[in-house]
**Student:** 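The structure is given below, and queries will be raised subsequently.
In what follows, chains carry the letters A, B, and so on, assigned in the order in which the sequence lines appear, proteins first and then strands, with residues in each chain numbered from 1.
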Protein chains: 2
Amino acid sequence: MSQATLKDVAVHAGVSHQTVSNVLNDHPHVRPATRQRVLKAVAELDYHPNVAAKALREARITALCCAFYNHDADQIADPYRNLIQSSFVAEADLRGYTMNVAFLLGEQPETFDRLRQRFLQRQMGGSVIVGQNMTAQQWRTTREWGMSSVMFDQHFDDTLVNTVFADYRGGMRELVAHHAAQGRRDLALIIPLADPGSSGVERHEQFLASVQELGLRGRVVNGDWSFDSGERAARTLLQGDAPDAILAGNDRMAAGALLAAHQLGIDVPGTLAISGFDDFEFTLYTTPRLTTVRVPHEAMARAAVQDLLNLIETGEDQPARCFPTELVVRDSS
Amino acid sequence: MSQATLKDVAVHAGVSHQTVSNVLNDHPHVRPATRQRVLKAVAELDYHPNVAAKALREARITALCCAFYNHDADQIADPYRNLIQSSFVAEADLRGYTMNVAFLLGEQPETFDRLRQRFLQRQMGGSVIVGQNMTAQQWRTTREWGMSSVMFDQHFDDTLVNTVFADYRGGMRELVAHHAAQGRRDLALIIPLADPGSSGVERHEQFLASVQELGLRGRVVNGDWSFDSGERAARTLLQGDAPDAILAGNDRMAAGALLAAHQLGIDVPGTLAISGFDDFEFTLYTTPRLTTVRVPHEAMARAAVQDLLNLIETGEDQPARCFPTELVVRDSS
DNA sequence: GTGAAAGCGCTAACAT
DNA sequence: ATGTTAGCGCTTTCAC
């Protein structure tokens, strides 16, 4: 059996197909009795409107896209992406939209082309771009397509609209204060040093500001967000003039630092405090469990979809949204 | 400026719109010169076909859906879902399809309804359902909608078509043999005991078969896939007649067992071997790093999309595919 | 209140 | 080899 069309419903109900359309779209001026008959026919024929026809006629698209930008393949395993995504989908559902997915790779320009194609071919009406460490140039490029989009978990100071991000500065301020309150006086931060577009810059800058303000010693060493880079950086630090706290820019590097401390026989948190950023699930599985700064990904994700839909529907840029972070003190500090 | 249509291109190139369509769809009987003129016009006007119009006319849908079934919210953070999903998207791209996402929740029937709606409204032509622990009844329900679908990482013995799964039995056989080869003689498995539809059943059954075959002692205790349940089960085991190896049904429970051993001061892997299943990323971050059984998620994901597209395009059920697992020996056994 | 006509952008079938 | 006609399923506009 083929799918019933609006016309089939009309015949079945003994009315014209426009009347059916009127009923289905809640238009006024339909007699209750007629409406009942139509709804009965709809139910009996298990009628479902054809979105393609609707979209064609209304020149309106009911699909959005969430595009994940990965600086490196490592991030594909980011445990939070699932949470973000299910929040995107849930929020889109609420407004009658579906969610597509795309993956963008900096080293593969064709992944950007495909996203552009999907937009221009009207497969989707706009996208949430999960950047984190996209370059300003890449972001600008997507804007030039004319596509409505909202940047997620990253922002550029020159474009403070249509963007949802976390208050990494506030998180870092709180974290440094926590370490100071625990009596730590010699702090080291592991963070990418040469990654200008990245959200790491804020953590870096705020770290320097906070240690100065609190009169602590503060050093910064390079890491590339990976577990291995965290381990290497920590090992170098601990074998020389060791700090009494290592702050990693993310949980992954913090886990690496933890391993280095273990291997060098250094007591955590006794001799050395270690902390991360993100609050990924595995922070519960390390020994000791990792102190970290949680980012409210779910609320941010829902906000991003709301902003995107408002942007699409009104055409007006939405003001940037900055979400507070939360210090999660566990056993490593 | 509004988007150019096929007609605009035709006017610009001085041909009929049908000729443009012929060129774009690689139909024969188009003179090279005409083709060139059309392509030039397409480029100049930055023309992109409207998928809604195409879909309506061709009665063909170029979107698929990947639906994730979560038994509990915990699984939302499954680190492998990203890998699976990007593989789905990559494979679909290759065949000119886009991927939607849906999340199914056992306790919320409306999530199933929404998926059905999307299919019936022709927003997508079929879906890959990532089950893992869906009930046979839920699976049967989706089949009754008439939707083409492929079941991923789960299978039911009575429907060995359109399903892609891993050889958990083979993985368990290899794992038990490994523990035996290391001199372990008293094995305990942590796995859900009352979860009939689950892929855990195979691990359970094979564990019993393997220990018997190798003349080892083998016990099975209950766990619900969560970190906490692994910790509880292991603690109970270790405080009584302790085994010399604990095999957890997944990495999460293995991490819990590891914590219990740590807290009880038991040396791993000296006194006790611990192993998991899945090879999630965090197995690299535990101390010691976890021995586990890897499942080839990426290859499985690509196969699932291939099967789905073949099913949609030919209408013929695709034979089940079973992928071998791989023992990954690290430091915990 | 309801029906008839037109057309969204595209392709298949038929004409030339 | 190219142009013309028709219609996919729906909503909007305008009669009645």
Side-chain angles (χ1 to χ4, degrees), chain A residues 1-39 41-42 45-63 96 117-125, chain B residues 1-42 45-63 96 117-123 125:
Chain A
M1 174 213 91
S2 176
Q3 282 292 329
T5 71
L6 208 158
K7 214 164 164 186
D8 297 331
V9 175
V11 171
H12 194 83
V15 297
S16 77
H17 63 255
Q18 292 74 7
T19 301
V20 179
S21 175
N22 286 340
V23 171
L24 263 34
N25 294 285
D26 280 327
H27 284 184
H29 307 311
V30 179
R31 231 181 6 215
T34 314
R35 153 174 259 102
Q36 286 312 315
R37 242 176 337 130
V38 168
L39 291 177
V42 164
L45 269 56
D46 195 25
Y47 167 78
H48 294 267
N50 181 323
V51 283
K54 235 177 143 86
L56 178 57
R57 183 59 238 234
E58 296 182 330
R60 186 173 157 276
I61 303 160
T62 58
Q117 292 292 335
R118 289 197 201 164
F119 170 67
L120 291 172
Q121 297 184 357
R122 279 136 291 188
Q123 286 208 336
M124 53 86 174
Chain B
M1 174 212 93
S2 174
Q3 282 291 328
T5 72
L6 206 153
K7 213 163 164 185
D8 298 329
V9 176
V11 171
H12 194 83
V15 297
S16 78
H17 60 182
Q18 183 51 29
T19 301
V20 179
S21 173
N22 286 339
V23 170
L24 263 33
N25 293 285
D26 280 327
H27 284 183
H29 308 309
V30 178
R31 228 179 14 211
T34 314
R35 154 173 259 102
Q36 288 310 319
R37 241 178 335 133
V38 169
L39 292 177
K40 186 155 164 281
V42 164
L45 270 56
D46 195 27
Y47 167 78
H48 294 268
N50 181 324
V51 284
K54 233 178 145 86
L56 179 57
R57 180 61 238 224
E58 295 183 325
R60 188 174 157 273
I61 303 159
T62 58
Q117 293 292 337
R118 289 197 201 163
F119 170 68
L120 291 172
Q121 297 185 354
R122 279 136 292 187
Q123 284 206 337

**Student:** If a pair satisfies salt bridge (Lys or Arg N to Asp or Glu O under 4.0 Å) and one of its residues is in residues 15-24 of chain A, list it, with sequence neighbours excluded.
**Tutor:**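 For residues 15-24 of chain A, and leaving out neighbouring residues, there are no salt bridge (Lys or Arg N to Asp or Glu O under 4.0 Å) pairs at all.
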**Student:** Tell me which residues in residues 17-26 of chain A put a heavy atom below 4.0 Å from DNA chain D, sorted by number, or none.
**Tutor:**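 Here the set is A:H17, A:Q18, A:S21, A:N25.
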**Student:** Can you give the donor-acceptor pairs under 3.5 Å from side chains of residues 52-63 of chain A to other protein atoms, not counting sequence neighbours?
**Tutor:**
| from | atom 1 | to | atom 2 | distance (Å) |
| --- | --- | --- | --- | --- |
| A:T62 | OG1 | B:Q123 | NE2 | 3.2 |

**Student:** Which pairs pass salt bridge (Lys or Arg N to Asp or Glu O under 4.0 Å) with one or both residues in residues 18-42 of chain B, sequence neighbours excluded?
**Tutor:**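 Qualifying pairs, neighbours excluded: B:D26-B:R35, B:K40-B:E44.
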**Student:** Who passes salt bridge (Lys or Arg N to Asp or Glu O under 4.0 Å) against B:R122, sequence neighbours left out?
**Tutor:**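 B:R122: no salt bridge (Lys or Arg N to Asp or Glu O under 4.0 Å) contacts found.
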**Student:** Using the side-chain contact (heavy atoms from CB on, under 4.5 Å) rule, take B:L120 and A:D46 through it: C-alpha gap first, then chi angles, then the decisive distance, then the call.
**Tutor:** CA-CA 9 Å; B:L120 291 172; A:D46 195 25; 4.3 Å; yes
**Student:** Give me the first and last nucleotide of DNA chain C, going 5' to 3', that has any atom under 4.0 Å from a heavy atom of chain B.
**Tutor:**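 Nucleotide range with atoms under 4.0 Å of chain B: C:dG9 to C:dA13.
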**Student:** For DNA chain D, find the residues of residues 55-63 of chain B with a heavy-atom distance under 4.0 Å and give them by number; none if there aren't any.
**Tutor:**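 By residue number: B:L56, B:R57.
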**Student:** Under the side-chain hydrogen bond (donor to acceptor under 3.5 Å, both in side chains) rule, what do B:S16 and B:Q18 come out as? Steps first, then yes or no, please.
**Tutor:** CA-CA 5 Å; B:S16 78; B:Q18 183 51 29; over 6 Å; no
**Student:** Using side chain to side chain contact (heavy atoms under 4.5 Å, CB included) as the criterion, point out the one residue from B:L24, B:T19, B:N25 that pairs with B:S21.
**Tutor:**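 Exactly one option meets the side chain to side chain contact (heavy atoms under 4.5 Å, CB included) with B:S21, and it is B:N25.
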**Student:** What I'd like to find out is whether the side chain of A:V23 reaches to under 4.5 Å of the side chain of A:T34, using heavy atoms alone.
**Tutor:**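 They are not in side-chain contact.
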**Student:** Could you give the start and end, 5' to 3', of the contact zone on DNA chain D for chain A, using atoms under 4.0 Å from its heavy atoms?
**Tutor:**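 From 5' to 3', the first and last contacting nucleotides are D:dG9 to D:dT12.
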**Student:** With sequence neighbours excluded, give me every salt bridge (Lys or Arg N to Asp or Glu O under 4.0 Å) pair touching residues 5-19 of chain A.
**Tutor:**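 Applying salt bridge (Lys or Arg N to Asp or Glu O under 4.0 Å) to every pair that reaches into residues 5-19 of chain A, excluding sequence neighbours, yields nothing.
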**Student:** Heavy atoms within less than 4.0 Å of DNA chain C: which residues of residues 46-53 of chain B have one? Give them sorted by number.
**Tutor:**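 Result for residues 46-53 of chain B: B:Y47, B:P49, B:N50, B:A53, sorted by number.
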**Student:** With each end axis built from five pairs of C1' atoms, what bend angle do you get for the helix from C:dG1-D:dC16 to C:dT16-D:dA1? Round to 10°.
**Tutor:**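 Between the axes fitted at each end of the helix from C:dG1-D:dC16 to C:dT16-D:dA1 lies an angle of 40°.
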**Student:** By the salt bridge (Lys or Arg N to Asp or Glu O under 4.0 Å) test, which pairs, at least two apart or in different chains, include something from residues 14-25 of chain B?
**Tutor:**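 Applying salt bridge (Lys or Arg N to Asp or Glu O under 4.0 Å) to every pair that reaches into residues 14-25 of chain B, excluding sequence neighbours, yields nothing.
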**Student:** For residues B:N50 and B:T5, determine if any side-chain heavy atom of one lies less than 4.5 Å from a side-chain heavy atom of the other.
**Tutor:**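 Of all side-chain heavy-atom pairs linking B:T5 with B:N50, none is under 4.5 Å.
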